2 protein chains.
Amino acid sequence: MRIEDEIHQKEFTDDYRRLLVNLLFTNNWVNQQVMPFFKRLGLTLQQHNVLAILRGQHPEPVCFGDIQNRMVDRNSNVTRLIDKLIEKGFATRDICQANRRMIEVRLTEKGMKKLQEVDDRFPELLEHFHNLSQEEALLVSNKLDKLRG
Amino acid sequence: MRIEDEIHQKEFTDDYRRLLVNLLFTNNWVNQQVMPFFKRLGLTLQQHNVLAILRGQHPEPVCFGDIQNRMVDRNSNVTRLIDKLIEKGFATRDICQANRRMIEVRLTEKGMKKLQEVDDRFPELLEHFHNLSQEEALLVSNKLDKLRG
DNA sequence: CATAAATATTTGTATGCACAAGTAATGTAT
DNA sequence: ATACATTACTTGTGCATACAAATATTTATG
C-alpha cells in the first residue's frame, strides 16, 4: 500500500521527504513483525542481538564496549541489557583480570539453546519480507547502505 | 558503509535477513538525524506529525481517532501528545457538541507559526538523504511500499 | 424504556530509552 | 610518586511507549 494512502496524505512535496516518512512508517511496520516474534520466545530484539554477538565469539568472552559497537541499536544501555540476560540465565559476567575495568560476558548453554530456538523459527519471521523478491531485497539493502553514506 | 561492516558481521545467511537488519539499523540512523532536528525546534517527531495533520484540516478541527489513523507512528498515545501540544500553546481542545464522546482539536496561530518554522528549516534535514539520487529515493520508497504489502 | 454493545477517549502501570552524572581502574606526564 | 586525563562501565532521572483496564457517551435491541 502506498505510503500516501497509509497516512491519508494526498502527495508529498518531494521524493526525499516521501522517503523519510516512508522509512519511519516502515520501521513501525517492521517492529510490529519483529517484536511479537521475539516476545513469544521470551526475548526482546536487543537481548537477542546481544546473544547473537556473544555466540559470534563463543567460547571467548566479549566486553561491553565490543558489544555496544556491534549492536544494531547503539543507544542501548548494555549494562542493563546484560543484567536481564544474566537474570534469565543466558549469560555470565566476570571482571576481566587483565584489565579490571572491563567485564567479560559469556554465553551459557541455556543461552545457546535459546539462540537455537530462535534460529529454528526465524524463517517464520522472514516470511513477512517475501513481498519482495530476493533481488529486490538485495537492491533495497544496498540502497540503504548508500543512503547512510 | 555496508551493514556488515557497521555491525562487524562477516556476512548474512540470506538477503532477507540482511534486509531486516539493515532496516533496523537504518532506522536508528534516521532517528539520529531527525530527533535532534526537531529537538532544536522544541518539538518531538510525533508532536510535529500531529501539528501537520491539524494543518491539513485547518481551520476545521480533527478528532483523536482521525489523528491516530493518519499518524506515521500509530502506537502513540494521542491523548498525552495533545496534552503536550496544548501545554505549549500549539493546539486547542473542545468537546464536540454533535457527539460528546469526541474531542475537536484545532491548530492555534502559534502552532501554525511553529510549523512554518519547521518548514523553513526542513531542507537542512533532507540534505542528509542526498546520498541517494532523486530516482533512487523514489525507487526505495516504492520498494518499501511493496514490502509492506 | 431498560439494557447491552459499540465507540471514543482517558488513565494506570510496567517497561524501555535517552541523557547526564558518577565510580573505579588504568595510563600518562612531570 | 602524584596528579590529571582517559577508559570502561554503572546509576539516576525524567520522559516516552505499550498494553490493558476504565470511563463516558451514543447506538442498537428486545
Side-chain angles (χ1 to χ4, degrees), chain A residues 24-25 27-40 42-50 53 61-88 91-106, chain B residues 24-25 27-40 42-50 53 61-88 91-106:
Chain A
L24 293 167
F25 189 82
N27 178 62
N28 283 298
W29 179 85
V30 170
N31 281 333
Q32 272 160 27
Q33 319 300 318
V34 167
M35 282 169 52
F37 172 80
F38 283 109
K39 195 166 191 177
R40 280 195 296 277
L43 291 173
T44 65
L45 172 59
Q46 304 194 355
Q47 285 167 10
H48 174 259
N49 191 192
V50 172
I53 290 165
V62 189
C63 74
F64 279 48
D66 289 343
I67 292 172
Q68 189 122 39
N69 286 329
R70 291 171 198 193
M71 284 195 71
V72 175
D73 180 354
R74 300 280 160 82
N75 298 314
S76 307
N77 188 322
V78 178
T79 302
R80 291 196 267 241
L81 266 175
I82 301 288
D83 285 347
K84 285 283 172 191
L85 291 176
I86 290 171
E87 203 177 293
K88 292 178 183 175
T92 59
R93 128 213 227 127
D94 301 286
I95 293 170
C96 171
Q97 288 312 319
N99 183 345
R100 293 188 314 167
R101 285 171 300 186
M102 293 204 267
I103 302 286
E104 296 181 336
V105 184
R106 283 184 182 79
Chain B
L24 293 168
F25 188 82
N27 178 61
N28 282 299
W29 178 85
V30 170
N31 280 333
Q32 273 160 26
Q33 318 301 317
V34 167
M35 281 168 53
F37 172 80
F38 283 109
K39 195 166 190 178
R40 280 195 296 277
L43 291 172
T44 65
L45 173 58
Q46 304 195 355
Q47 284 166 11
H48 175 259
N49 191 192
V50 173
I53 289 165
V62 189
C63 74
F64 278 49
D66 289 343
I67 292 172
Q68 190 121 39
N69 285 329
R70 292 173 196 189
M71 283 195 72
V72 174
D73 180 354
R74 299 281 159 79
N75 297 314
S76 305
N77 187 321
V78 178
T79 303
R80 292 195 266 244
L81 265 175
I82 301 289
D83 285 348
K84 286 282 174 192
L85 290 176
I86 290 171
E87 212 174 88
K88 291 178 184 175
T92 59
R93 124 212 230 128
D94 300 285
I95 294 170
C96 170
Q97 286 313 319
N99 183 342
R100 293 189 315 170
R101 286 173 299 188
M102 294 205 266
I103 301 287
E104 297 181 336
V105 184
R106 282 183 183 80

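Everything quoted here is computed from the prediction, not taken from an experiment. A note on names: the letters A, B, ... follow the listed sequences, proteins ahead of strands, and every chain is numbered from 1.
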For residues [X] and [Y], determine if any side-chain heavy atom of one lies less than 4.5 Å from a side-chain heavy atom of the other.
{"X": "A/Phe38", "Y": "A/Thr44", "value": "no"}
{"X": "A/Asp83", "Y": "A/Arg93", "value": "yes"}
{"X": "B/Ile95", "Y": "B/Ile103", "value": "yes"}

Nucleotide of D/dA16, C/dG16, D/dC19 approaching B/Thr44 most closely (side-chain heavy atoms):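 Nearest to the side-chain atoms of B/Thr44, counting from C-beta on, is D/dA16.
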Nearest to the A/Lys84 side chain among D/dT17, D/dC9, C/dG16, which nucleotide is it?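 Looking only at side-chain atoms, A/Lys84 lies closest to C/dG16.
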Mapping A/Met35 and A/Asp83 to their closest nucleotides on DNA chain D, which lands nearer the 5' end?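 Per heavy-atom nearest nucleotide, the more 5' residue is A/Asp83.
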With nearest nucleotides of DNA chain D determined for A/Arg80 and B/Asn77 from heavy-atom distances, which residue corresponds to the more 5′ nucleotide?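 Here A/Arg80 is the residue nearer the 5' end.
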Hey, which sits more toward the 5' end of DNA chain C by its nearest nucleotide, B/Asn28 or A/Cys96?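 Nearest-nucleotide comparison on DNA chain C picks B/Asn28.
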In Å, rounded to the nearest 0.5 Å, how long is the span from CD of B/Gln46 to CZ of B/Arg80?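 These two atoms lie 12.5 Å from each other.
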Say you draw a straight line from CG of A/Leu85 to CG of A/Leu43; how long is it, rounded to the nearest 0.5 Å?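 Nearest 0.5 Å value for the CG-CG distance: 7.5 Å.
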Expressed as a whole number of angstroms, how long is the span from [X]:[atom1] to [N]:[atom2]?
{"X": "B/Asn69", "N": "C/dT7", "atom1": "CG", "atom2": "P", "result": "13 Å"}
{"X": "B/Leu81", "N": "C/dT11", "atom1": "CG", "atom2": "C1'", "result": "15 Å"}
{"X": "A/Gln32", "N": "D/dC19", "atom1": "CD", "atom2": "P", "result": "9 Å"}

Counting only heavy atoms and a strict 4.0 angstrom limit, can you tell me which residues of residues 97-105 of chain B come near DNA chain C?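 When residues 97-105 of chain B is checked for heavy atoms under 4.0 Å from DNA chain C, the hits, listed by number, are B/Arg101, B/Met102, B/Ile103.
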Considering residues, nucleotides and ligands other than A/Lys84, do more than 12 of their heavy atoms fall under 6.0 Å from its NZ?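 No, the 6.0 Å shell around NZ holds no more than 12 heavy atoms from other groups.
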When you measure from the side-chain N and O atoms of A/Gln46 to the phosphate of C/dC17, is any distance below 4.0 Å, counting only OP1 and OP2?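 Looking at the OP1 and OP2 atoms of C/dC17, one of them is under 4.0 Å from a side-chain N or O of A/Gln46.
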